[in-house]
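Treat the numbers as computed from the prediction; the structure is a model and nothing was measured. A, B, ... follow the sequence lines: proteins, then strands. Residue 1 opens every chain.
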There are 2 protein chains.
Amino acid sequence: MAKYEKIADDLRVRIRAGEWLPGGKLPSETPELTAHYKTSLPTIRQALGVLAAEGVVDKVHGRGNFVRKPRKRVMRTNQRHQWEKDRARAPEGTRKATGATEHDTGLTVSDLVFSADFRKVEAGEVLADIFGVAAGTPLLERIYRTRYQEEDAPFNLSHSYLVYDVVKANPDLLDASTEPWPGGTQNQLFTLGIELDRIEEHFTARPPTAEEAEELGLRAGVSVLIVRKVSIDTGGRVVEVSDVTLPGDRTELVYTTPLNRW
Amino acid sequence: MAKYEKIADDLRVRIRAGEWLPGGKLPSETPELTAHYKTSLPTIRQALGVLAAEGVVDKVHGRGNFVRKPRKRVMRTNQRHQWEKDRARAPEGTRKATGATEHDTGLTVSDLVFSADFRKVEAGEVLADIFGVAAGTPLLERIYRTRYQEEDAPFNLSHSYLVYDVVKANPDLLDASTEPWPGGTQNQLFTLGIELDRIEEHFTARPPTAEEAEELGLRAGVSVLIVRKVSIDTGGRVVEVSDVTLPGDRTELVYTTPLNRW
DNA sequence: GAGTGGTCTAGACCACTGT
DNA sequence: CAGTGGTCTAGACCACTCC
């Protein structure tokens with residue numbers, strides 16, 4: 001086993017044992033750790049790099065290395081979908097009061113900041129296949145960012161796709177300035193005469209790309225959860241596809257599957 | 001921007017542009033890349049380290065650096081729960097034929113290898129809280145590993161917990177040699193007179209710990225998906241808690257949420 | 001300005017892969 | 001054995017944080 005791995009293992013054990021508390025500062029790379037482990041600086045840094053990649057340690061330039069504190073997680077349940085459907089036909093006053101994200105998180109509308117950005121794009125092969133249309137069919141792409149009022153980095157980056165020729169029946173839906181739309185996507189679809197039958201969600205996890213790490217303000221050692229939501233209407237047609245990128249250290253998805261009685 | 005970041009960006013762009021195909025070999029660190037970027041070896045290695053952490057590049061000792069090929073994903077749906085419940089009361093012959101994992105993946109029983117390991121443990125605070133019992137209550141801990149016949153590393157590592165005093169009514173359930181149990185956990189619970197009402201699943205994602213990377217055979221740049229499954233019986237009691245660790249690059253979870261009609 | 005981490009160099013030597 | 005990546009050294013200099 002390499003020296004840097006032994007050092008990383010040793011530090012991991014000492015951290016787990018509570019030698020430094022969450023948020024606490026580790027000894028300095030130079031001169032403390034190099035002296036303690038009797039090795040050169042790059043070797044110490046390689047060991048700390050391992051722990052940073054695991055999300056155990058936070059490296060902060062100019063300050064030191066710290067034991068990472070667990071982050072508070074935002075829950076996201078699948079009950080939000082039925083909840084949103086039930087409100088899709090409610091009067092505007094009711095719909096304005098709360099959105100699905102606030103419903104899940106218990107936050108109020110004013111805690112959150114949204115931004116929306118709409119574009120007309122052509123369907124690639126994958127999206128065309130899901131929608132059951134020809135590649136090149138025009139789609140409306142809507143990019144949303146949601147963040148806390150007090151934090152700079154968004155905790156949610158979302159790309160939503162709709163078939164352009166379907167949505168254009170209601171011109172308000174083509175205009176980003178109508179966002180955040182009271183009642184959300186299910187109310188928007190309702191204005192087009194569309195009722196959803198079910199929502200299918202696909203989850204995967206991977207390390208963030210450089211762009212995602214930048215945009216979501218992710219430290220080293222944080223994964224992203226990718227949720228692809230496919231909304232299917234009562235006619236079995238796919239009417240919306242939405243890709244949501246969530247920071248793995250701040251997110252917990254909760255899905256309930258009810259079972260039929262014997 | 002640091003030199004190694006520029007090099008990483010440049011290589012990422014060239015890889016995305018298809019200069020090297022998935023599975024293809026990048027130029028050697030020395031002498032090719034050091035010469036091309038006119039820099040020292042450690043700087044080239046730092047750049048490649050970034051791409052390896054993102055899962056873009058595979059470093060293989062003695063052979064070279066390769067563009068990572070996307071892995072084939074195994075689907076896991078929430079329909080497996082209803083499917084398993086429907087079979088829980090079926091005759092043994094039917095139950096023996098297929099398990100829930102094979103149902104999801106389309107594999108046959110003989111493609112998969114299971115191993116099971118049972119222990120009696122005391123409930124920690126978190127588990128005690130979920131089960132609604134006192135901390136220290138005896139639990140049956142069951143550790144399962146599932147892997148493909150032809151692969152060495154398991155693709156699934158699972159810890160399941162049951163309240164010991166509840167399961168001991170059927171001594172067969174305390175014995176790991178009865179695994180894999182035809183009909184799965186829901187049939188096991190059925191032998192105890194327990195019917196499930198719903199299953200609640202919690203998903204999170206993070207980089208693997210050193211132990212998980214070892215046990216699941218994960219390369220650098222692969223995240224893990226953690227699924228905590230909580231099974232609730234018709235009396236509203238939590239009867240099983242199961243933590244499953246899945247490799248992020250080989251797994252896709254698919255959850256369908258049906259919606260009530262207007 | 002003191003303390004601390006980030007980047008980079010030039011090169012030695014070891015370990016693994018395939019011929 | 002040749003080719004290639006993995007580890008490690010010793011030290012210079014830069015950049016950020018906080019007093």
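Mapping A:S40 and B:K25 onto DNA chain D by nearest heavy atom places B:K25 at the nucleotide closer to the 5' end. Heavy-atom distances to DNA chain C give each of A:K59 and A:G62 a nearest nucleotide, and the one nearer the 5′ end belongs to A:G62. Looking at which nucleotide of DNA chain D each of A:K38 and B:G64 is closest to, the 5′-most match is held by B:G64.
Here B:N65 reaches the OP1 or OP2 of D:dG5: one of its side-chain N or O atoms lies under 4.0 Å away. For A:Y4, no side-chain nitrogen or oxygen approaches OP1 or OP2 of D:dC8 to under 4.0 Å. Contact annotation: A:R45 does not reach the phosphate of C:dG5 (side-chain N/O to OP1 or OP2, under 4.0 Å). Of the side-chain N and O atoms in B:K3, none sit less than 4.0 angstrom from OP1 or OP2 of C:dT7. Contact check, B:R63 against C:dG18: a side-chain N or O comes under 4.0 Å of OP1 or OP2. Within the structure, every side-chain polar atom (N or O) of A:T43 is placed at least 4.0 Å from both OP1 and OP2 of D:dT7. In this model, the phosphate group of D:dT9 is approached by a side-chain N or O of A:T39 to a distance below 4.0 Å at OP1 or OP2.
In this structure, the side chains of A:I15 and A:V56 come closer than 4.5 Å at one or more pairs of heavy atoms.
B:M1 places its CE atom 16 Å from the C1' atom of D:dA15, with the value rounded to the nearest Å. Regarding B:F66, its CZ atom lies at a distance of 12 Å from the C1' atom of C:dC16, rounded to whole Å. One atom, CD of A:Q46, and another, P of C:dT7, lie 14 Å apart when rounded to the nearest Å. What separates CG of A:L41 from P of C:dT7 is a distance of 12 Å, to the nearest Å. In this entry the distance linking CD of B:E29 with P of C:dT9 reads 15 Å, nearest Å.
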Go through A:E252 and A:K72 one step at a time and tell me if the salt bridge (charged side-chain N to carboxylate O under 4.0 Å, His left out) criterion holds.
CA-CA 10 Å; A:E252 178 169 345; A:K72 186 141 184 301; over 6 Å; no
Show the numbers, then the answer: is there a salt bridge (charged side-chain N to carboxylate O under 4.0 Å, His left out) between B:D9 and B:R12?
CA-CA 5 Å; B:D9 283 355; B:R12 198 169 19 232; 2.2 Å; yes
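Note on ring orientation: taking the six-membered ring where Trp is involved, the planes of A:F203 and A:Y255 are perpendicular (angle over 60°, cut-offs 30° and 60°).
For CD of B:E211, the number of neighbouring non-hydrogen atoms (other residues, nucleotides, ligands) closer than 6.0 Å is greater than 12.
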